[in-house]
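Below is one structure, written out as structure tokens; the observations come after it.
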Amino acid sequence: MPSLLTEYHAFLTDNRRMSPHSVRAYQATAERLAGFLQLHWGNEVDREALHKISTADIRAFLADRRGDGLTNRSTARELSAARHFLRFALGESATLPAMKGPRVQRSLPRPVNPDDVLALADDIAENAKDGWVGARDWALLLLLYGSGLRVSEATGLHGDILPLGATLRVTGKRNKTRIVPLLEQVRTAIQDYLALCPYAASADQPLFRGARGGPLSPALVRRAVQGARTRLGLSDRTTPHALRHSFATHLLAGGADLRSLQELLGHASLSSTQVYTAVDTAMLLDEYQNSHPRA
């Protein structure tokens with residue numbers, strides 16, 4: 001089993017290029033599942049043995065984890081990570097045991113944690129039917145969070161933005177044009193997607209293509225995010241647009257001023273941007289309540 005776990009670690013870091021935090025989380029679940037099954041079955045756990053895993057086996061594993069005090073949300077994430085490992089071990093064509101995760105209580109609206117953004121993008125990429133589609137979805141979600149785009153703005157981009165640089169010119173509502181930053185990780189993700197895409201990039205064609213080569217529908221992006229957040233146990237308020245809100249909130253928390261944020265978001269009025277000061281205040285109060293000894 002150590003060799004399979006070592007292969008999985010290499011897959012997470014080299015093929016999926018997950019963040020160190022995500023690698024640790026996925027790897028830990030794989031090791032827990034392998035250790036549990038070895039005791040549960042009484043024999044070595046390898047790829048051949050994993051082909052016999054059943055819904056009852058996974059339910060027993062999750063029951064064991066619940067005994068460690070896992071919440072519904074943590075159990076749903078453990079199940080998602082276990083499925084991720086099994087897909088790697090058994091192959092994409094294998095049929096995994098069917099099992100629903102626990103019901104997760106709706107949480108208050110909050111900015112999406114950066115690690116959850118990566119987990120969301122990775123889950124969507126993993127569940128894509130084709131490798132290039134997975135690369136497309138990974139790049140698109142990183143763009144939404146990294147540059148604060150609306151999903152319609154991202155799907156409306158054309159090949160005329162190439163070659164990519166440190167910034168990106170975006171046309172938003174009322175045909176208003178603005179300049180947004182383009183992080184190196186986002187540029188790399190888009191370039192990796194373009195290298196795999198079966199449709200050649202051209203100035204008059206959409207940058208993000210649908211399966212048949214036409215423009216990618218924002219509705220498809222929303223459906224993909226909906227499926228991923230269910231599998232990961234994230235709030236149902238985790239939407240493509242929530243990634244834009246997260247971009248704004250995290251910038252403001254990092255010291256960005258409202259006027260700069262207004263320009264980056266493409267808001268016509270400063271009052272539209274000021275809503276993020278309330279979000280940031282809520283985060284600070286939360287931090288105070290959790291940390292101050294007199295709170």
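All values derive from a computational prediction rather than experimental measurement.
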**Report entry** Under 3.5 Å donor-acceptor, Y199 side chain and A211 backbone
**Finding:** yes

**Report entry** H84 side chain reached by D122 side chain, heavy atoms, under 4.5 Å
**Finding:** yes

Query raised in the report: Below 4.5 Å, heavy atoms only, C-beta onward: do E78 and F61 meet side chain to side chain?
Result: yes

**Report entry** Side chain proximity check, I124 to L140, heavy atoms < 4.5 angstrom
**Finding:** no

Requested in this report: Compare all side-chain heavy atoms of T167 with those of V180 and state whether any distance is below 4.5 angstrom.
Outcome: no

Query raised in the report: What's the verdict on salt bridge (Lys or Arg N to Asp or Glu O under 4.0 Å) for R178 and E153, showing C-alpha distance, side-chain angles and the deciding distance?
Result: CA-CA 11 Å; R178 70 186 189 278; E153 292 171 344; 2.8 Å; yes

Query raised in the report: Which atom pair, heavy atoms only, marks the closest approach of G134 to A125?
Result: O-CB, 3.4 Å

Query raised in the report: Do the non-hydrogen side-chain atoms of L4 and V45 ever get within less than 4.5 Å of each other?
Result: no

Query raised in the report: Side chain of R77, backbone of L234: donor and acceptor closer than 3.5 Å?
Result: no

Report task. Grab the two heavy atoms, one from S80 and one from R231, that are nearest each other, plus how far apart they are. Result -> CB-O, 3.1 Å

Query raised in the report: Do side-chain atoms of N127 reach the backbone of D123 as a donor and acceptor pair under 3.5 angstrom?
Result: yes

Report task. Please round to the nearest 0.5 Å and tell me the distance separating atom CG of L70 and atom CZ of R65. Result -> 4.5 Å

Query raised in the report: Do L168 and V186 come within less than 4.5 Å of each other through their side chains, counting heavy atoms only?
Result: no

Query raised in the report: Taking all non-hydrogen atoms of both residues, which atom of Y193 and which atom of A135 are closest, and how far apart?
Result: CB-O, 3.7 Å

Query raised in the report: Hey, does the Lys NZ or Arg CZ of R47 hover above the aromatic six-ring of F88, less than 6.0 Å from the centre and inside 45° of the axis?
Result: yes

Query raised in the report: About how many Å separate OG of S74 and CG of L62, when rounded to the nearest 0.5 Å?
Result: 12.0 Å

Query - T155 to P218 - nearest heavy-atom pair and separation - result: OG1-CG, 3.5 Å

Report summary line: Closest non-hydrogen atoms of A49 and E44, given as atom of the first, atom of the second and distance, are CB-O, 3.9 Å

Query raised in the report: Are any of the side-chain heavy atoms of V151 and T239 separated by less than 4.5 Å?
Result: no

Query raised in the report: Is the NZ or CZ atom of R136 both under 6.0 Å from the centre of the six-membered ring of W132 and within 45° of that ring's axis?
Result: yes

Query raised in the report: Can the ring centres of Y26 and Y8 be said to be less than 6.0 Å apart?
Result: no

Query raised in the report: Side-chain donor-acceptor pair under 3.5 Å between R32 and T29, yes or no?
Result: yes

**Report entry** Test item: F11 and T6 side chains (from C-beta on) under 4.5 Å apart, heavy atoms
**Finding:** no

Requested in this report: Kindly say whether A219 contributes a backbone atom to a donor-acceptor pair with the side chain of S217 at under 3.5 angstrom?
Outcome: yes

Query raised in the report: Applying the side chain to side chain contact (heavy atoms under 4.5 Å, CB included) test to T238, which of V117, D116, T230, L120 qualifies?
Result: L120

Query raised in the report: Do T75 and N72 have side-chain atoms, one donor and one acceptor, less than 3.5 Å apart?
Result: no

